[in-house]
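The model shown is predicted, which means the values in this text are computed figures rather than measured ones.
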Amino acid sequence: MSETLENVPEAASTEPLSEPMTIGVEAYVSEEYARAEGDRLWSRVWQQVARVEELPEAGDWLTYDIADDSIIVVRTAKDRFRAYHNVCSHRGRRLVDTPPGAHDARGHGRQFVCGFHGWRYNIDGDCTHVPEREDWPCGLTDERIALKQVAVDTWGGWVWINMDPDCEPLRDYLEPAATLLDPFHLENMRYRWRRWLVFDCNWKVAFEAFMETYHVPYTHPEFMKFGGFLGWARSHGRHSNIGYDAPKSMDENQAKLRLGTGDDPRVSTAELQSFTWENANTNTTWTLVEVAQELVKDLPEGTPAPEVLAHWLSTARAKDAERGVVWPTVPPEITAKAGTAWQIFPNFQIGHAPNNMLCYRFRPYGHDPDKCVFEAAVYELFPPGEEPETEWIHTPQDDPGWRTVLPQDFSNMAAVQQGMKSRGFSGPKPNPYRERSVVNLHHNLAKYMGTGAPRDLA
């Protein structure tokens, strides 16, 4: 897509972080930096740990591991969650072990029992049994031996935790992303599929592979026959978002549910939707694919692109409504401002649309700066009671379950991690318009880590 006067890059703008900048490689390759993240970063930020519906009944629990910390999240009542450090107050043994090769540990019950000496805790965190407690003449108070609580809250259908006892409220932390995403009612979506693996790159390298569209023409050239895929990135305090360039007459085309361009947008949209469904199984639904395939029959040749987009989306909305799937009504100006994906600091990406979303989470793998835990999940609106049963599936890099598009990104991620160590590399130099999200990530990381702030490239 050629750029019009309406979408000229803002390289010379006064927006924050819009000047050319460079970033050091320490955050990607230093083991010392990776170890420091535990104390300076992960212990102080809100992190998404699971979907609310994964813990439907009181007594349902799961674990979330980050760096050296393990957290137990448990539903204690219909409308309440609690979170605790996964460690017995007696000798420090983890209360719950993650099975080898598993994504996490999960279960249901009213108590946690330490496998070392049998100390017991209820789901409210109280220590309910200490064998031979009478041997402690003093000091073993109920408060001292209770599980240490972790802040927990919900937003968007996710459960979030923060290990900082003095943390700000989740809603405040998430702004302005929360306000711009609320109209999409993300809490109503459910998993279509979810996969994970341990990957050979730093978690930031993995994150950065998906927080810009600058790479699309070169990493995924097969998409270019369907239109232009270059886009913008904007900083919003801790967070950032990305979207596609589009003329003012098609502001909604900055979002995920996007029209194919070219001589006949009816044809290119159908081809784009079918290709995406088959080769990525993300960013669309079967309803959207089916309706797109009927555009040539439903609309005359020469129909203006905005009309094609409006017909496609309104028809898909109506078709879904017939089967009990109700899309939220999102104002066009919100659709344009929200873009195609939000990077929630520090390690979560929400790729949103009215009827589906693609989300990534990136975590360190121990203290190894060359590895990370990479997770991808696709969500969709389903008719009530027809949500598929899913689980986290460990999927090796070469598994066909990733289809063909994501492996192209994987190839970059591993190669970038190796290139970061080259004596000939002086550090990333992100595009000030299209990759501002990368600079924003490191700008905020530096506030927590005390090092690694982006520097002026000039």
Side-chain angles (χ1 to χ4, degrees), residues 37-99 102-131 133 136 139-171 173-174 346-348 361 363-364 366 373 375 392:
E37 285 179 341
D39 289 332
R40 299 180 185 177
L41 178 68
W42 303 116
S43 65
R44 299 170 55 198
V45 293
W46 282 98
Q47 300 170 62
Q48 178 272 117
V49 300
R51 290 294 285 182
V52 169
E53 62 269 16
E54 293 182 71
L55 302 170
E57 304 292 335
D60 289 342
W61 56 264
L62 56 77
T63 59
Y64 172 75
D65 295 342
I66 187 76
D68 287 330
D69 287 290
S70 180
I71 309 299
I72 298 173
V73 179
V74 57
R75 185 188 284 269
T76 59
K78 180 180 179 180
D79 58 353
R80 186 178 67 199
F81 291 92
R82 289 275 180 90
Y84 310 102
H85 286 275
N86 179 18
V87 61
C88 179
S89 59
H90 173 217
R91 292 275 297 279
R93 192 202 189 284
R94 284 192 174 182
L95 290 171
V96 177
D97 296 319
T98 300
H103 179 268
D104 50 43
R106 297 177 181 231
H108 175 87
R110 290 287 174 173
Q111 65 176 359
F112 301 101
V113 182
C114 179
F116 198 0
H117 296 94
W119 286 36
R120 299 177 189 173
Y121 304 84
N122 63 26
I123 60 175
D124 290 316
D126 303 315
C127 184
T128 58
H129 178 66
V130 175
R133 185 168 183 172
W136 280 264
L140 209 63
T141 63
D142 289 347
E143 181 181 16
R144 182 166 287 162
I145 61 176
L147 296 181
K148 186 176 180 181
Q149 288 199 39
V150 172
V152 61
D153 203 349
T154 62
W155 173 83
W158 288 284
V159 181
W160 304 70
I161 61 96
N162 193 321
M163 289 180 271
D164 183 356
D166 299 317
C167 64
E168 65 186 297
L170 173 63
R171 180 77 193 201
Y173 181 91
L174 291 175
N347 67 324
F348 185 44
R361 184 172 63 183
R363 289 184 283 167
V373 178
E375 300 157 325
W392 284 107

Asn162 to Val45 - nearest heavy-atom pair and separation: ND2-C, 3.3 Å
Within the side chain of Tyr84, is there an N or O that forms a donor-acceptor pair under 3.5 Å with the backbone of Asp124? yes
Considering all heavy atoms, the nearest Arg361-Ala50 contact: NH1-N, 4.4 Å
Identify the heavy atoms of Trp42 and Met163 that sit nearest to each other, and give their distance. O-CE, 3.3 Å
State, with a plain yes or no, whether a side-chain heavy atom of Arg363 is found less than 4.5 Å away from one of Glu375. yes
I need the minimum non-hydrogen distance between Trp119 and Cys88, along with the two atoms involved. CB-SG, 3.9 Å
Going by heavy atoms in the side chains, are Val159 and Val152 under 4.5 Å from each other? yes
Contacts of Arg40 meeting side-chain hydrogen bond (donor to acceptor under 3.5 Å, both in side chains) (sequence neighbours excluded), chain-then-number -> none
Of all heavy-atom pairs linking Ile123 and Gly109, the shortest is CG2-O, 3.5 Å
Going through the checks in order, is the salt bridge (charged side-chain N to carboxylate O under 4.0 Å, His left out) test met by Arg133 and Asp142? CA-CA 11 Å; Arg133 185 168 183 172; Asp142 289 347; 3.0 Å; yes
Please tell me if the side chains of Asn86 and Phe112 come closer than 4.5 Å, counting only heavy atoms from C-beta onward. no
Quick check, are the ring centers of Tyr173 and Trp160 under 6.0 angstrom apart? no
Measure the OG1-CG distance between Thr98 and Asp65 for me, rounded to the nearest 0.5 Å. 4.5 Å
Filter on salt bridge (Lys or Arg N to Asp or Glu O under 4.0 Å), then keep only pairs touching residues 42-61, sequence neighbours left out; what's left? Arg51-Glu53, Glu53-Arg190, Glu54-Arg106, Glu54-Arg194
For residues Gln47 and Ile66, report the shortest heavy-atom separation together with the two atoms involved. OE1-CG1, 3.5 Å
For His129, what residues pass the side-chain hydrogen bond (donor to acceptor under 3.5 Å, both in side chains) criterion, not counting sequence neighbours? none
NE2 on His108 to CG on Leu55, rounded to 0.5 Å: 11.0 Å
Can you spot which of Val73, Leu170, Asp153 makes a side-chain contact (heavy atoms from CB on, under 4.5 Å) with Ile161? Val73
